[in-house]
2 protein chains.
Amino acid sequence: MDGRPHVTLEDVARAAEVSLATASRALNGTTKVRADLRERVLAAAEQLAYTPNAHAQALAGASHRTVGVICHDVSDPYFAAIARGVMRVAGDNGLLVMLASTFRDPQKEIAYISMLRAQRASAILLVGSGFEDKAWERALAAEIDPYRRGGGQVAVVSRHRSLRVDSVQPENREGAAALARALLELGHRRFAVLAGPRALTTVVDRLAGFREGLAEAGVELAESDIVEAAFTRDGGHSAMSRLLARGLEATCVFAVTDVMAIGAMTALREAGLSVPADVSLAGFDDIPVVRDLTPALTTVALPLEELGERAMELAIRDSRGTRSRVLRLPGEVVLRQSTSRVPA
Amino acid sequence: MDGRPHVTLEDVARAAEVSLATASRALNGTTKVRADLRERVLAAAEQLAYTPNAHAQALAGASHRTVGVICHDVSDPYFAAIARGVMRVAGDNGLLVMLASTFRDPQKEIAYISMLRAQRASAILLVGSGFEDKAWERALAAEIDPYRRGGGQVAVVSRHRSLRVDSVQPENREGAAALARALLELGHRRFAVLAGPRALTTVVDRLAGFREGLAEAGVELAESDIVEAAFTRDGGHSAMSRLLARGLEATCVFAVTDVMAIGAMTALREAGLSVPADVSLAGFDDIPVVRDLTPALTTVALPLEELGERAMELAIRDSRGTRSRVLRLPGEVVLRQSTSRVPA
DNA sequence: ACTCTACCTGTAAGCGCATTCAGAAAGCGC
DNA sequence: GCGCTTTCTGAATGCGCTTACAGGTAGAGT
């Protein structure tokens with residue numbers, strides 16, 4: 001923006017026939033100002049449609065209230081749900097949120113952090129897994145460290161361990177283990193897993209947890225039972241298709257993400273298979289839409305909005321001096337119609 | 001943020017043993033700077049992890065690159081899809097997006113615009129319908145007008161006519177009419193409509209278009225065939241339930257929004273009715289997930305991401321002097337399995 | 001060799017605001 | 001009614017940066 005005709009505090013002060021300082025004080029209420037003067041200032045401001053210049057305010061020392069949130073893709077329902085919580089808390093605290101989508105491009109992530117740093121955002125929230133890349137991790141640290149040294153807050157949702165910052169983490173491992181137990185309970189013994197990129201901790205944890213749960217019953221998950229694909233609906237679809245092409249032996253398929261499960265379900269339908277009569281299918285996350293699928297998806301329900309809310313709260317609260325806090329939020333297995341008992 | 005130890009340009013200049021001006025020029029590349037000096041400056045900046053203070057830059061006149069986007073709810077798939085387009089274009093243009101969710105609170109909307117104005121955002125994007133409220137419209141104008149006079153750009157996606165600004169609009173009316181025709185083609189003659197709040201232009205337009213399409217075949221839509229509800233999944237669910245409770249005579253239900261259609265579909269399933277065998281169901285928008293429903297939803301496909309992209313492009317391009325531009329994007333009827341031919 | 005013209009570099013003036021500091025006004029006790 | 005304290009006001013400073021503007025240096029032209 002560059003239109004010149006901007007009303008400044010000086011204009012207001014002149015119109016109200018007071019000094020700049022008085023106008024500032026009247027507007028901010030930092031100090032007592034004689035009632036009639038304040039009235040005059042407020043009236044003038046109103047009349048001139050004055051809006052303080054946030055940049056000037058920030059520069060002059062007033063802590064400005066903006067936070068940055070970086071995610072992979074706003075349109076992913078998983079993130080959208082988290083973002084909802086983030087937005088609510090931000091709104092309640094009068095914060096402006098600068099939201100950036102990296103579209104899973106590490107470079108963009110770094111670039112955005114740098115921009116947020118330039119904006120002197122009071123906090124930065126990183127949502128979603130990081131990248132398995134040493135160079136990237138270094139670059140990330142190179143942005144984050146000076147930012148924090150400068151007083152910036154950083155919080156993370158479901159993210160790399162490499163960062164030593166406040167974080168909110170869903171209990172992926174425990175949730176997946178619980179899911180495994182529930183599926184075993186239904187009589188399943190042969191499983192297949194649709195996994196996302198193995199580099200992501202989310203994937204690793206859920207996989208490990210699932211294996212753990214199975215192991216308790218002496219059931220093993222072979223590497224060949226795991227198919228890797230992109231963390232998207234299409235990824236789930238293609239992974240499921242590949243699985244089917246090679247001949248599916250499992251009675252139950254676990255997609256590490258609801259979004260992938262959605263794709264998988266469609267792939268199964270397209271292949272003429274019925275869920276759960278022919279195969280049971282389970283997901284993870286409990287994004288809002290999965291209960292409206294037919295059959296409704298069995299999944300591990302994560303408090304997604306709360307994840308966002310807590311993270312934002314961490315980011316707001318001053319943490320200097322504190323050692324990094326970790327908040328773990330449990331998931332809960334929700335059995336719906338996409339899984340059924342295996343006929344004995 | 002308020003941590004003092006912030007590296008400033010002056011620090012860099014001192015470290016590089018050049019003047020402040022030279023450092024600035026070297027970093028911004030605005031003017032030729034002797035090669036060795038530039039090297040020194042760049043090295044110093046790098047070494048000190050210098051990040052320019054965007055506020056100071058903005059204040060000093062450098063046009064800063066941030067845009068504001070205001071929507072009702074990030075987690076609504078309709079908006080999420082649009083936001084995706086917005087984010088992409090913003091990212092490609094090096095813009096930082098400040099995103100705000102109003103949660104359909106008119107006051108919040110005004111408050112956010114005011115904040116964006118304070119931030120001197122170079123453009124503001126309003127996504128989604130406005131409110132039918134004279135007081136609100138006045139308040140909105142009171143924020144928008146000075147903002148535009150100050151050189152701010154404003155663009156709108158699918159929104160009130162009351163604002164005379166650049167806008168991108170889906171062809172709701174035409175799309176709904178085309179859908180009506182397609183449904184008539186399938187033999188349907190008795191319809192019911194799940195509408196959102198009648199105050200929203202989106203609802204009004206889609207309703208009008210649908211009526212229009214039906215009228216061409218001499219089919220009328222009685223007021224009693226229209227059920228109003230919130231613009232959400234639950235709204236669709238409850239509207240459908242009410243419709244069923246009162247005894248459904250229609251052979252086809254049109255939900256003015258896919259999100260509502262999703263709720264409706266579940267309500268139908270819960271009532272033991274089969275789609276499309278017992279009732280056909282159609283939506284509008286083509287949000288990504290509806291093709292994965294069972295049955296896949298017939299709907300009017302809107303280029304949602306493109307809506308966001310175009311709007312952002314409008315917002316970026318300087319429009320001063322130009323009269324407000326309106327971009328209309330057509331929808332396309334997509335027949336899927338949720339609608340079927342009526343047995344003769 | 002000397003002047004003139006390019007080209008850089010550094011000095012300094014704000015951008016709009018919060019805030020410190022000193023001084024004016026007002027209230028109090030005696 | 002005078003001096004004191006207590007409020008409140010206004011002038012001035014600086015936040016970090018960009019950008020005229022002026023000064024300096026070096027190369028070109030004659």
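Note: hydrogens, waters and symmetry copies are ignored here, and every other heavy atom, side chains too, is used. Just so you know, these numbers come straight off a predicted model, no measurement behind them. Residue numbers begin at 1 in each chain, while the letters A, B, ... track the order of the sequences.
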Per A:Y50 side chain, nearest of listed nucleotides C:dT9, D:dC17, C:dC17: C:dC17
Integer-rounded Å distance: C:dT19 C1' and A:L9 CG: 13 Å
Check: B:R40 side chain, B:E17 main-chain N or O, donor-acceptor pair, under 3.5 Å: yes
Length of the CG-C1' vector between B:L59 and D:dG14, whole Å: 12 Å
Minimum-distance nucleotide to B:P52 side chain [options: C:dG10, D:dC17, D:dT9]: D:dC17
Among A:K108, A:E109, A:H72, A:Q107, side chain to side chain donor-acceptor pair (under 3.5 Å) partner for A:T102: A:H72
Atom-to-atom span, CG of A:L48 to P of C:dG16 - whole angstrom: 14 Å
Nearest-Å distance for atom pair NE2/C1', residues A:H55 and D:dT18: 14 Å
Interatomic distance where CZ belongs to A:R40 and C1' belongs to D:dC8 [whole Å]: 14 Å
Value in whole Å for how far the P atom of C:dC17 lies from CZ of A:R120: 20 Å
A:Q119 CD to D:dC17 P, straight-line distance once rounded to whole Å: 13 Å
Residue whose nearest DNA chain C nucleotide is more 5′ - B:A60 or B:S19: B:S19
Of the listed nucleotides C:dG16, D:dC17, D:dT9, the one nearest the side chain of B:A56: D:dC17
A:R164 vs A:S324, side chain to side chain donor-acceptor pair (under 3.5 Å): CA-CA, chis, key distance, verdict: CA-CA 6 Å; A:R164 312 266 307 301; A:S324 55; 5.3 Å; no
Closest listed nucleotide, where the reference is the side chain of B:T8 and the choices are D:dC17, C:dA18, C:dT9: D:dC17
Minimum heavy-atom distance between B:V74 and B:A80, given as atom pair plus value: O-CB, 3.7 Å
Interatomic distance where CZ belongs to A:R14 and C1' belongs to D:dG10 [whole Å]: 15 Å
Pairwise 5' ranking along DNA chain D for A:K32 and A:L20, keeping only the more 5' one: A:K32
